[in-house]
Amino acid sequence: ATRYDPQAAESRWRAEWDAANLFKAKSPAEAGDAPKAYILEMFPYPSGRLHMGHVRNYAMGDVVARHRRAKGYNVLHPMGWDAFGMPAENAAMQRGVHPGKWTYQNIDAMRAQLKKLGLSLDWSREFATCDPDYYGAQQGLFLKMLEKGLVYRKASKVNWDPVDNTVLANEQVVDGRGWRSGAIVEQRELTQWFFRITQYAEDLLEEVQKLERWPEKVRTMQANWIGRSEGLQMRFEFAGNAPANYEKGVEIFTTRPDTLFGASFIALSPDHPLVLQLAEGNNALTAFRAECAAVGTSEEAIEKAPKLGFDTGLTVQHPFEADRTLPVWVANFVLMGYGTGAIFGCPAHDQRDIEFARKYGLSVTPVVLPPNADAATFDVEDDAYTGPGTIFHSGFLDGQSIDDAKRMAIAKIESMGLGEGKVNYRLRDWGVSRQRYWGCPIPVIYCETCGIVPVPAADLPIRLPDDVTFDVPGNPLERHPTWKHTTCPNCNGKARRETDTLDTFVDSSWYYARFASPDDLEERAYWLPVDQYVGGVEHAVLHLLYARFFARAMRDVGELDLPSGEPFAGLFTQGMVTHETYKSDSGVWLEPSEVEQRDGTWIEIATGAPASVGPIEKMSKSKKNTVDPDAIIGAFGADIARWFVLSDSPPERDVEWTQSGAEGAARFAQRIWSVFDALPENGSSAIGSDDGSVALHKTSHKAVASIDKAISDFRFNSAVATIYEWVTALKKAETGSDVLVGARMEGASMLARCLTLFMPHLAETCWERIGGEGFVSAAVWPEPEPALLVDDSVTMAVQVNGKRRGEITVAKDLAKEAVEAAAFADPEVAAFLNGKDVKKTIVVPGRIVNIVVA
Ligand code: ANZ
Ligand code: ZN
């Protein structure tokens with residue numbers, strides 16, 4: 001018996017696959033009648049090193065790609081790099097290395113690591129989003145979208161660090177302070193570029209429901225993010241003198257018009273135009289606005305902040321009650337970006353409103369009576385009641401259900417000419433301006449006479465300058481001595497370039513189309529949509545939403561022939577790779593390689609002191625519980641790394657990496673090899689007619705069918721389990737008679753073709769050993785014979801007086817008398833019946849034989 005040498009085999013096969021160009025996608029013309037399959041995993045950020053999460057993600061995609069290829073599909077399985085972003089600028093600041101150099105070096109290192117995994121990728125389509133070809137094409141898309149009105153400019157808030165004099169990304173704000181300066185971050189208004197994603201809000205919501213091959217969870221997250229709500233937009237007229245420009249009143253948006261009788265105040269956002277107007281010359285209000293601004297820009301920060309209010313002294317008229325007026329407040333929890341930036345507060349039925357009302361002593365009137373509550377005594381203290389019920393204390397709405405009351409209130413307001421029913425979305429337009437260097441330059445020019453001028457298409461790409469410095473905070477493009485100075489393409493006058501770059505989410509919003517073809521619309525139409533997209537659930541909201549938006553925008557500017565606008569027909573979100581965590585005696589995290597188990601207790605190797613084992617958590621640098629794919633590949637080979645991450649758990653769940661598990665997988669690989677190693681060089685695969693051969697023949701065909709089904713259903717771990725059982729059957733047959741060789745040969749040949757999805761290098765060596773033709777990576781899927789998949793025998797329990805005493809296996813359609821005879825002939829049953837008086841025998845076909853004795 002020989003041993004399989006993974007290191008030698010893996011490098012050999014990869015070289016041979018490369019030389020044969022095995023995984024290159026065919027052009028539509030070359031593909032002929034073959035159906036296409038576009039298999040894509042979320043492309044990596046080139047951080048410098050691959051982690052086990054990547055291995056799992058790409059191993060899963062590779063199983064699908066190899067499976068489809070074996071089944072005759074023309075497969076596109078590309079790889080590239082999501083290469084712009086802040087870490088490259090941080091490296092530049094900390095280590096003085098240019099972001100481009102840092103990025104391309106990382107790409108080289110990670111490409112080498114990825115290649116070692118033996119993934120069936122078409123590397124000919126590789127690109128990085130920081131390649132000028134790629135971002136130049138992206139600038140072209142931006143300009144087409146600008147022309148179509150899908151891009152516009154407006155003022156919007158940014159985090160401003162007053163010490164470093166720079167804009168900060170949200171992740172650079174730590175507890176309200178700049179990450180480097182420690183200064184309290186302010187909000188500043190800057191004019192920025194926006195993508196009009198809200199134009200597709202309804203379509204994005206409607207279509208996501210139809211994506212049957214997406215996880216339900218992700219569809220719900222998308223829907224919640226879009227956040228459709230039906231409500232009423234109406235105006236409240238001022239009771240006294242109206243402020244200038246507000247003679248008609250102030251517009252609010254509500255989703256609860258049924259609670260109008262419970263209104264106790266009006267609240268305006270601190271950024272509402274009326275508030276800005278009132279703040280002029282009003283120091284107290286100006287100070288209040290500044291106080292609100294210190295909270296930060298994120299919705300989350302605003303949600304958590306204590307409620308702050310300012311009474312304007314103005315009052316408005318209640319629409320239904322002539323003798324009631326409501327005070328107008330400014331409140332920090334009302335956002336300018338949503339609805340109209342103004343609300344009516346109904347404290348009894350809204351938690352934010354009750355907190356506000358209790359703090360400022362405003363009235364609280366319940367108008368929804370919970371089921372079974374008593375109208376005379378029901379009241380609200382500190383918790384708003386947001387549940388179901390019947391309307392009361394509400395004039396013409398009394399006794400109505402919430403839904404009916406909503407309809408009636410809207411109709412009434414409409415008839416009074418004060419407003420109308422309206423649908424609102426939580427979804428905001430997508431602000432894409434970033435005040436950073438390492439991103440795609442926004443291709444516009446500001447001319448002193450002509451204003452905003454798009455860069456002419458012929459001048460693209462607008463390249464990033466290489467000679468930049470990172471010694472001071474701020475955007476290097478802004479302070480570059482020459483880059484931003486240019487002449488106007490219109491009037492030749494003095495002009496300057498936009499120095500902001502695009503949010504890196506833009507780069508990953510259309511890369512799937514670029515992989516399909518750099519510019520050929522027919523080829524893009526051929527490949528898209530992606531048939532199977534695989535990636536992390538952390539991208540379930542933003543990345544997928546932006547990509548869905550971009551596919552629509554590209555379609556509408558004539559860059560993509562994709563009527564549905566849906567780029568990903570199938571989506572799978574894989575679980576994480578976890579690992580135990582370890583801590584030293586003094587409580588610092590230790591790496592797995594820094595500890596070992598001695599006589600059942602954990603020891604820190606360096607000190608010999610006891611170490612403790614913590615919970616199993618997602619691999620992360622901060623907890624030091626990562627294992628390096630390269631180390632695993634070095635120790636066991638890439639096949640083992642792939643096999644392990646696919647084998648132990650369902651793909652959507654987390655999988656825990658353990659050393660012993662990896663060792664077990666390595667032993668199993670040798671066992672598989674021994675199946676092939678024990679076969680004759682050129683044995684025939686003619687199946688013997690003996691029972692053993694027939695049974696093994698069946699086992700193999702059934703195994704293939706079940707693996708096939710498991711892979712189609714994304715149950716890779718069940719496919720792995722089937723391979724384990726199958727190998728056991730093949731090993732057992734080795735100890736049997738020589739007539740089994742034919743069935744063993746056939747089984748081995750089929751096994752190699754299934755195995756190639758998981759352990760492609762080992763499968764190749766096994767295939768070669770049994771004289772398989774060509775590469776097993778290019779072999780067709782072993783189609784099982786349908787006749788072998790049906791069970792023509794059944795196993796039946798034999799009971800005596802209701803107790804199980806044995807079992808028999810008989811032909812499915814065997815006559816009742818023959819089944820009885822088989823039951824009596826079973827040695828265990830016969831031994832038990834010995835001498836007893838049989839009264840009756842009952843046969844339940846296919847299940848049980850019950851013998852009744854005296
Ligand atoms: C009166 C009311 C009574 C409300 C009640 C709720 C409960 P969704 O479902 O997210 O659309 N609102 C409207 N615009 C707002 C803004 N710019 N900033 C903060 N809050 C705003 O939420 C709509 C509800 O959120 C609206 O309905 C409004 O409060 C508030 F018992 O109006 B409601
Ligand atoms: Zn000009």
Side-chain angles (χ1 to χ4, degrees), residues 201 223-234 236 250-275 292 299-300 302-303 305 307-309 318-319 326 329-357 364-370 380 383-389 391 393-394 397 402 405-406 409-410 413 419 421-428 444-456 486-497:
N224 289 345
W225 190 263
I226 297 166
R228 182 182 198 276
S229 42
E230 286 180 20
L232 166 69
Q233 185 166 324
M234 66 169 291
F236 281 80
V250 57
E251 293 269 345
I252 63 98
F253 173 71
T254 176
T255 48
R256 295 296 305 271
D258 54 309
T259 67
L260 263 168
F261 281 94
S264 89
F265 61 92
I266 296 291
L268 309 174
S269 162
D271 298 316
H272 194 282
L274 173 55
V275 178
C292 294
E299 221 169 287
E300 198 192 343
I302 292 167
E303 194 70 43
K307 305 281 168 286
L308 293 176
H318 192 282
L326 308 173
W329 285 68
V330 184
N332 66 338
F333 64 89
V334 183
L335 310 168
M336 195 52 226
Y338 186 69
T340 63
I343 63 161
F344 79 79
C346 174
H349 304 294
D350 183 282
Q351 192 54 34
R352 292 169 303 182
D353 296 349
I354 189 85
E355 288 168 26
F356 192 76
V364 179
T365 312
V367 290
V368 180
L369 184 65
V380 166
D383 294 316
Y385 178 72
T386 56
I391 305 298
H393 297 334
S394 291
L397 297 176
I402 290 175
K406 282 182 181 171
I410 292 173
I413 293 292
K422 190 168 180 222
V423 173
N424 241 308
Y425 297 91
R426 223 178 69 87
L427 185 66
R428 302 268 67 95
V444 295
I445 289 168
Y446 301 100
C447 168
E448 286 172 8
T449 25
C450 314
I452 298 169
V453 184
V455 170
T486 184
T487 50
C488 170
N490 257 354
C491 70
N492 254 319
K494 227 171 111 187
R496 65 174 182 85
R497 292 190 186 289

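Atoms within a ligand are numbered from 1 in the order they appear, just like the ligands themselves.
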*Within-shell test, Val334 vs ligand 1, heavy atom, strictly < 4.0 Å*: yes
*asked:* Which residue and atom name correspond to the protein heavy atom nearest atom 6 (C) of ligand 1, and how close is it?
replied: Asp350 OD2, 3.3 Å
_Return the closest protein heavy atom for atom 19 (C) of ligand 1 as residue, atom name and distance._
Phe333 O, 3.4 Å
*asked:* Tell me whether His349 has any N or O atom under 3.5 angstrom from an N or O of ligand 1.
replied: no
*Flag, side chain of His349 to backbone of Tyr385, donor-acceptor distance under 3.5 Å*: yes
*Given side chains that start at C-beta, do those of Asp350 and Thr386 come closer than 4.5 Å, heavy atoms only?*
no
*Considering distance alone, does some N or O of Thr259 sit under 3.5 Å from an N or O of ligand 1?*
no
*Which option, Leu232, Asp353, Ile343, Thr386, owns the non-hydrogen atom nearest atom 21 (C) of ligand 1?*
Ile343
_Criterion side-chain contact (heavy atoms from CB on, under 4.5 Å) against Ile343, the qualifying member of Ile266, Leu335, Asp353_ = Asp353
*Are Arg352 and ligand 1 in contact, using a heavy-atom cut-off of under 4.0 Å?*
yes
*Shortest heavy-atom approach to atom 10 (O) of ligand 1 - which of Tyr338, Tyr425, Phe344*: Tyr338
*Please confirm whether the backbone N or O of Val334 pairs with a side-chain atom of Ser269, one donor and one acceptor, at under 3.5 Å?*
yes
*Specify whether Phe344 and Phe236 have parallel, tilted or perpendicular ring planes, treating 30° as the upper limit for parallel and 60° as the lower limit for perpendicular.*
tilted
*Any idea which atoms of ligand 1 are less than 4.0 Å away from a heavy-atom of Phe253?*
13 (C), 26 (C), 28 (C)
*For Pro319 against Met234, the heavy-atom pair lying closest together*: CG-CE, 3.8 Å
*asked:* For Ser229, state whether at least one heavy atom is located under 4.0 Å from any atom of ligand 1.
replied: yes
*asked:* Quick one: does any side-chain atom of Thr255 pair with a main-chain N or O of Ser229 as donor and acceptor, under 3.5 Å?
replied: no
*Report, rounded to 10°, the angle at the Zn ion (ligand 2) between the two atoms SG (Cys447) and SG (Cys491).*
100°
*Have a look at the Zn ion (ligand 2) and estimate, to 10 degrees, the angle subtended by SG (Cys450) and SG (Cys488).*
110°
*Quick one: does Thr254 get an N or O within less than 3.5 Å of an N or O on ligand 1?*
yes
*Keeping the roles fixed (side chain from Asn332, backbone from Cys292), state whether a donor-acceptor pair exists under 3.5 Å.*
no
_Within the structure provided, determine whether Lys406 and Arg256 are in side-chain contact (heavy-atom separation under 4.5 Å)._
yes
*asked:* Which residue and atom name correspond to the protein heavy atom nearest atom 27 (O) of ligand 1, and how close is it?
replied: Thr255 N, 3.1 Å
*asked:* Would Leu335 count as being in polar contact with ligand 1, using the rule that some N or O on each side must be under 3.5 angstrom apart?
replied: yes
*For the student: nearest non-hydrogen atoms of Asp258 and Ala405, plus distance*: CB-CB, 3.7 Å
